[in-house]
Amino acid sequence: MISRKHRNGSVIVVGGGPAGLTAAIALAESGIETVLAGKRPSPSDNRTTALLGGSVTALATLGVWPLCEHQAAPLKVMRLVDDTGRLWRAPEVKFSAGEIGLGTFGYNIENQHLLAALSQRAGALPALRIVEDEATAIEPGADAVAVTVNSGETFEASLAIGADGRRSLCRKAAGIHLDDRSYKQVALTLCFAHSRPHHDTSTEFHTADGPFTVVPLPGRRSSLVWVLDPYDADDIGVLDDDELSAEIERHSHSILGKITVEPGRGRFPLSIATAHRFAARRIALIGEAAHVIPPIGAQGLNLGLRDAAAIAELAIAAGRDGGDMGGDPVLAAYDKMRRSDVAGRTLTVDLLGRSLLSDFLPLQGARGLGLYLLDRVGPLRRAVMREGVAPSAAQPRLMRGEAL
Ligand SMILES: Cc1cc2nc3c(=O)[nH]c(=O)nc-3n(C[C@H](O)[C@H](O)[C@H](O)COP(=O)(O)OP(=O)(O)OC[C@H]3O[C@@H](n4cnc5c(N)ncnc54)[C@H](O)[C@@H]3O)c2cc1C
């Protein structure tokens, strides 16, 4: 195992969220000696993740998907409904996977089940050592990067992967700046049972406060991401379960029938952020350490998994050729590979989010026109669907089902 002494061809991943676990599994599966340093993610995360096409393929290729597939619900139809009540309302847009020859766009799964499957797979890989501790110091050097954890133990490796979330210590150690803007909104999250079937359909109601999105789970259950002004979220937060169930039924126009909320409510302040660079000084940033976007269109972790797959692919290739896994060519190639995918999705999500909240009529009009065109122009709609599932920016090999 890597400890204190630098080992060429080794990697340390900081952060055991879904992005970090995926990177560690991808590396260790290929026999790269890997340390994953991070506390177990909170079991109280009651969010779900809509994993789109390539993400599911990657998890299947890594042997993770068979461990949690039965806990996921297919996403066959995605509806966008203008519920702003404004003068310029957009038509409803319906994306059907069948229209582009797919059985599903992807699957929705509770984060706790996804994390359990990732942890189970990680625990079965001999090349992966899991250190359930927090990194307290990260020191990049000329030949190696050293990561010290709370217990005092220090690990040295050729490359550190910063998967340590929004307040990334790795990002600071790499000297990378972040463009960060608060949305002044929060997302309330919970799961609920309902009396009518969801027909594998997610529905995003666009309200003047932000999106109210219901996403299918197995059986007659769904998850909710409700974006609100923080003061409104305070008012909603004090409702008891019966009152909240009735309120959700009202907001969802009873499309799912009678609602019964399940225990556990989450509250997430929303922001948008992109790191100026995705890698420097033997440190590559992935997931929310590199970019944060609001939960519109289910893109955040799908981007994070593509980051994980990309850095693993590049590091493994460099290691195979006898090169330096954390050297500048690998870091530059990683930044280049991820830049346009992240920038494109961040811009789209930001524009959509802002146009919803804005009282500026031309912006509302532009949004309405965009959705009108999506509704009416089949080729445009199909192009948008294909881009959502399989981005035109270079897809990492794992997303194409190729082992590394
Ligand atoms: C309401 C909501 C709904 C969402 N829905 C979707 C969706 O449907 N689809 C989608 O693709 N995305 C979705 N997202 C985005 C998705 O949740 C995030 O992209 C994802 O959780 C980020 O994963 P991560 O591994 O990068 O970071 P995190 O999950 O934040 O993990 C970071 C980990 O690093 C650890 N850590 C931090 N500092 C240190 C340290 N110093 N040492 C060691 N460990 C450390 C933390 O404890 C944590 O476990 C949603 C987000 C929100 C807020």
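When a ligand or atom number is given, it counts from 1 through the structure's own listing order.
- Ligand 1 has no N or O atom lying under 3.5 Å from any N or O atom of Thr189, backbone or side chain.
- Using modelled atom types, no side-chain atom of Asp341 and backbone atom of Gln395 make a donor-acceptor pair closer than 3.5 Å.
- Side-chain atoms of Asp321 do not come within 3.5 Å of backbone N or O of Gly323 as any donor-acceptor pair.
- Although no hydrogens or angles enter the test, the distance criterion places no donor-acceptor pair under 3.5 Å between the side chain of His198 and the main chain of Val215.
- Inside a 4.0 Å radius of atom 47 (O) of ligand 1 there is not any protein heavy atom.
- Relative to atom 12 (N) of ligand 1, the option among Leu301, Leu75, Leu303, Val13 with the closest non-hydrogen atom is Leu301.
- If you check which protein heavy atom lies closest to atom 39 (C) of ligand 1, you get Asp164 CB, 3.7 Å.
- Shown in contact with Thr48 at under 4.0 Å from a heavy atom are these atoms of ligand 1, numbered in order with element: 5 (N), 8 (O).
- Interface atoms of ligand 1 facing Ala163, defined by a heavy-atom separation under 4.0 Å, are 32 (C), 33 (C), 34 (O).
- In summary, the side chains of Thr189 and Asn46 do present a donor paired with an acceptor at a separation below 3.5 Å, with no hydrogens or angles considered.
- Formation of a donor-acceptor pair under 3.5 Å by the Arg282 side chain with backbone atoms of Ala160 is not found in this model.
- Judged purely by atom type and a 3.5 angstrom limit, His194 uses its side chain to pair as donor or acceptor with the backbone of Arg196.
- In this comparison of Gly165, Ala187, Cys170, the heavy atom closest to atom 27 (O) of ligand 1 sits on Gly165.
- Considering backbone and side-chain N/O of Gly38, none are found under 3.5 Å from N/O of ligand 1.
- Protein heavy atom in closest approach to atom 17 (O) of ligand 1: Arg47 NH1, 3.1 Å.
- When each atom of ligand 1 is checked for a heavy atom of Gln299 under 4.0 Å away, the hits are 11 (O).
- Under a 4.0 Å criterion applied to the non-hydrogen atoms of Gly287, ligand 1 contributes the atoms 26 (O).
- Every N/O-N/O distance between Arg166 and ligand 1 stays at or above 3.5 Å.
- Geometrically, ligand 1 and Asn302 share a nitrogen or oxygen pair separated by less than 3.5 Å.
- Both the backbone and the side chain of Glu288 come within 4.0 Å of ligand 1, judged by heavy-atom distances.
- Checked against a 3.5 angstrom limit, the closest N/O atoms of Val225 and ligand 1 fall outside it.
- Taking every heavy atom of Val14 and a limit of under 4.0 angstrom, the matching atoms of ligand 1 come to 42 (N), 43 (C).
- Of the possible donor and acceptor atoms, one in the side chain of Asn108 sits under 3.5 Å from a partner among the backbone N and O of Pro216.
- Taking the charged nitrogens against the carboxylate oxygens, Asp335 and Arg277 have no contact shorter than 4.0 Å, which rules out a salt bridge.
- Residue Leu169 places no N or O, backbone or side chain, under 3.5 Å from any N or O of ligand 1.
- Interatomic distance, CG of Leu128 versus CZ of Arg121, reported as 10.0 Å (0.5 Å rounding).
- At least one protein heavy atom sits closer than 4.0 Å to atom 7 (C) of ligand 1.
- His251 and Trp226 have tilted rings, their planes meeting at an angle from 30° to 60° on a 0 to 90° scale.
- Ligand 1 has an N or O atom lying under 3.5 Å from an N or O atom of Ala19, backbone or side chain.
- Ranked by closest heavy atom to atom 4 (C) of ligand 1, the top entry among Pro295, Ala135, Gly266 is Pro295.
- Of the candidates Gly17, Gly300, Pro18, Ser55, the one placing a heavy atom closest to atom 23 (O) of ligand 1 is Pro18.
- With ligand atoms numbered from 1 in the order given, ligand 1 contributes 40 (C), 41 (N), 42 (N), 43 (C) to contacts under 4.0 Å with heavy atoms of Glu134.
- Although no hydrogens or angles enter the test, the distance criterion places no donor-acceptor pair under 3.5 Å between the side chain of Arg220 and the main chain of Ala193.
- In this structure, Leu75 and Ala50 approach most closely via the heavy-atom pair CD1-CB, 3.8 Å.
- Counting heavy atoms under 4.0 Å from ligand 1, residue Ala37 touches it through the backbone alone.
- The nearest pair of heavy atoms linking Pro74 to Asp200 is O-CB, 3.5 Å.
- Among all heavy-atom pairs drawn from Arg166 and Ser271, the shortest one is NH1-OG, 3.7 Å.
- Closest protein heavy atom to atom 35 (C) of ligand 1: Gly15 CA, 4.0 Å.
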